[in-house]
Amino acid sequence: MGCDGGTIPKRHELVKGPKKVEKIWHLKNGKEWCSLHSEGKNKNGKEWDMEYDVDKDAELVAQWNYCTLSQEILRRPIVACELGRLYNKDAVIEFLLDKSAEKALGKAASHIKSIKNVTELKLSDNPAWEGDKGNTKGDKHDDLQRARFICPVVGLEMNGRHRFCFLRCCGCVFSERALKEIKAEVCHTCGAAFQEDDVIMLNGTKEDVDVLKTRMEERRLRAKLEKKTKKPKAAESVSKPDVSEEAPGPSKVKTGKPEEASLDSREKKTNLAPKST
């Protein structure tokens, strides 16, 4: 029957392990993808075939740690546009000043027309993030799950695993979970009042970006219409000056010396006096 003579079976001999998965590397849309294919069928009766993006983690790190415009590490002051992308403020200023140079990365900021189109963010530091401390020998392991900033309300780390948003009115940043769990019409950190239009998702999905883009276009169109309505009112106020034609004030009355005034009055009296015949 076996298993006699003092032989001890091992675990892999008694327990059936998972089926071997075949990894097939290939390129798709200019990116490196990995296809996983396993023999047999899954619960739905179909062949077990899965495909995932190898650069997904790297893309998350780039979105949340590097400037979208200059591709440099994000450093304070950090700003965000109306589409939820993160930038270094100095990179945005250089982009707005340098209009002559056509940069490939300029398309990511083509919707930024002035510094008013970005909002400076108020970020909360993560006390567990050490940064470059203790990495003097260069042998430190960089934990991609550890983030520089956290949600000040819930404590979630801003590493791309959780959805974060900011308010256009004040620039405070917190997680979407905090916005849903603690429903309020004022900011959770500074107490400023905000509306639904002020909430902008950071590094959102394609659907989020489409919604934010329509809001941005509507907001700018509304601002243009308000400017057009203000111009005719200003022109009317200029064409109708408020000048009242009344008696001259004390500044316009000619005043002379008291001696000259008394002499004039004497001459008038002598002229008005009847002549003796």
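Position 1 is the first residue of the sequence, and the numbers go up from there.
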Practice task
Calculate, to the nearest 0.5 Å, the distance between atoms CG and CD belonging to L221 and E226 respectively.
Solution key: 10.5 Å
Exercise for the section: Please check if L121 and V209 belong to a single hydrophobic cluster, counting links between Ile, Leu, Val, Met, Phe, Trp and Tyr side chain heavy atoms closer than 4.5 Å. Expected result: no
Handout entry: Any donor-acceptor pair under 3.5 Å from N126 side chain to I150 backbone
Key = no
Practice task
Give the C-alpha distance, both sets of side-chain angles, the deciding distance and a yes or no for side-chain contact (heavy atoms from CB on, under 4.5 Å) between D197 and E218.
Solution key: CA-CA 11 Å; D197 186 56; E218 291 175 358; over 6 Å; no
Problem - Check against side-chain contact (heavy atoms from CB on, under 4.5 Å), I93 and I115 - result: CA-CA 7 Å; I93 294 174; I115 197 65; 4.1 Å; yes
Exercise for the section: Decide yes or no for E72 and D90: does some side-chain heavy atom of the first lie under 4.5 Å from some side-chain heavy atom of the second? Expected result: no
Practice task
Step through the shown structure and confirm whether more than 12 heavy atoms of other residues, nucleotides or ligands are within 6.0 Å of CZ on F194.
Solution key: yes
Problem - A147 versus E157, closest heavy-atom pair with distance - result: N-OE1, 3.2 Å
Problem - Side-chain donor/acceptor of S124 to backbone N/O of C151, under 3.5 Å - result: no
Exercise for the section: Ignoring hydrogens and angles, tell me if any N or O in the side chain of N65 forms a donor-acceptor pair with the backbone of V61 under 3.5 Å. Expected result: yes
Problem - Closest non-hydrogen atom pair between T189 and P152, with its separation - result: CG2-CG, 3.4 Å
Problem - Check: C67 and Y87 side chains under 4.5 Å, non-hydrogen atoms - result: yes
Handout entry: Value rounded to 0.5 Å, distance of NE2 in H162 from CG in L156
Key = 4.5 Å
Completion exercise
All heavy atoms of G160 vs all of L60, minimum pair found to be O-CD2, 4.0 Å
Handout entry: Main-chain N/O of R161 paired to N159 side chain as donor or acceptor, under 3.5 Å
Key = yes
For a quick test of your reading: what N or O donor-acceptor pairs under 3.5 Å do the side chains of residues 168-185 make, sequence neighbours left out?
| from | atom 1 | to | atom 2 | distance (Å) |
| --- | --- | --- | --- | --- |
| R168 | NH1 | D198 | OD1 | 3.4 |
| S175 | OG | A178 | N | 3.3 |
| E176 | OE1 | R163 | NE | 2.7 |

Which atom pairs, one a donor and one an acceptor, fall under 3.5 Å between side chains of residues 200-207 and the rest of the protein, sequence neighbours left out?
| from | atom 1 | to | atom 2 | distance (Å) |
| --- | --- | --- | --- | --- |
| N203 | ND2 | Q63 | O | 3.2 |
| T205 | OG1 | E207 | OE1 | 3.4 |
| T205 | OG1 | D208 | N | 3.4 |
| T205 | OG1 | D208 | OD2 | 3.1 |

Completion exercise
residues 115-128 vs salt bridge (charged side-chain N to carboxylate O under 4.0 Å, His left out), sequence neighbours excluded, gives R76-D125, K89-E120
Problem - Side-chain heavy-atom pair V92, L96 within 4.5 angstrom cut-off - result: yes
Exercise for the section: Enter the distance from E217:CD to R219:CZ here, rounded to the nearest 0.5 Å. Expected result: 10.5 Å
Fill in the blank from the handout: In short, L212 meets L83 closest at the heavy-atom pair CD1-O, 3.6 Å
Exercise for the section: Supply the atom-to-atom distance F164 CZ to W64 CH2, rounded to the nearest 0.5 angstrom. Expected result: 7.0 Å
Practice task
Show the numbers, then the answer: is there a side-chain contact (heavy atoms from CB on, under 4.5 Å) between L74 and Y66?
Solution key: CA-CA 5 Å; L74 289 171; Y66 291 87; 5.5 Å; no
Handout entry: Joint cluster assignment, V186 & F166, ILVMFWY side-chain distance < 4.5 Å
Key = no
Problem - ILVMFWY network linking V199 to V211, side-chain heavy atoms under 4.5 angstrom - result: no
Problem - N117 vs E82, side-chain contact (heavy atoms from CB on, under 4.5 Å): CA-CA, chis, key distance, verdict - result: CA-CA 7 Å; N117 298 141; E82 295 172 283; 4.1 Å; yes
